[in-house]
Amino acid sequence: MTSSPAPPRQAPVTPAEAGETVSQPLQAALKALTITDEDRTGYERESFKHWVDQDKDGCSTRNEVLMEEALTEPAGGAKCKLTGGRWCSEYDDQYVEGPSGLDIDHRIPLAEAWDSGAKGWTPGLRQRPR
């Protein structure tokens with residue numbers, strides 16, 4: 001993995017009212033998150049099916065998200081194997097070269113999603129990438 005500093009980001013915005021839509025850098029949004037107690041009752045990783053090819057086009061959800069979010073589009077090979085490409089890590093403002101250096105499936109760990117309400121989601125909703 002090769003990384004280099006990303007361009008400077010805009011200044012954080014002030015906190016929003018409940019239900020208000022705002023746009024702000026991810027790092028500012030992460031700092032504003034509320035911390036709550038964890039409740040893993042009933043949690044099983046298998047409740048979250050991922051890397052499926054839900055639209056049956058030959059590409060897994062992971063590869064579709066990688067192609068969608070790339071700054072420089074990766075090349076797609078047999079069975080949608082991705083090579084090349086460039087992404088910007090919103091967490092540390094670094095560029096990432098190549099898809100193997102990215103863990104897109106765990107922006108929010110599955111157990112944390114469970115704690116935050118995913119236990120009440122349908123199986124289909126748990127399978128969606130966002």
Verify salt bridge (charged side-chain N to carboxylate O under 4.0 Å, His left out) between Arg40 and Glu112, making sure each step is shown before the conclusion.
CA-CA 9 Å; Arg40 299 285 153 81; Glu112 297 291 333; 3.1 Å; yes

I need the [X] [atom1] to [Y] [atom2] distance, nearest 0.5 Å.
| X | Y | atom1 | atom2 | answer |
| --- | --- | --- | --- | --- |
| Ser47 | Arg126 | OG | CZ | 5.0 Å |
| Cys59 | Leu66 | SG | CG | 10.5 Å |
| Lys31 | Gln27 | NZ | CD | 6.5 Å |
| Thr41 | Trp114 | OG1 | CH2 | 9.5 Å |

Checking side-chain contact (heavy atoms from CB on, under 4.5 Å) for the pair Asp115/Tyr43: CA distance, chi angles, key distance, verdict?
CA-CA 9 Å; Asp115 293 342; Tyr43 170 71; over 6 Å; no

Audit row: Thr61, Asp53, side-chain contact (heavy atoms from CB on, under 4.5 Å) steps and yes/no:
CA-CA 6 Å; Thr61 303; Asp53 180 9; over 6 Å; no

What heavy-atom pair brings [X] and [Y] nearest, and what distance separates the two atoms?
| X | Y | value |
| --- | --- | --- |
| Asn63 | Cys80 | ND2-O, 2.8 Å |
| Trp87 | Leu102 | CD2-CD1, 3.3 Å |
| Gly84 | Pro74 | O-CB, 3.6 Å |
| Phe48 | Ala118 | CZ-CB, 3.8 Å |

With side-chain contact (heavy atoms from CB on, under 4.5 Å) as the test, would you mind laying out the steps for Glu97 and Thr72 before giving the verdict?
CA-CA 9 Å; Glu97 309 285 343; Thr72 303; over 6 Å; no

Test side chain to side chain contact (heavy atoms under 4.5 Å, CB included) applied to Leu82 and Met67, Arg62, Glu73, the passing residue
Met67

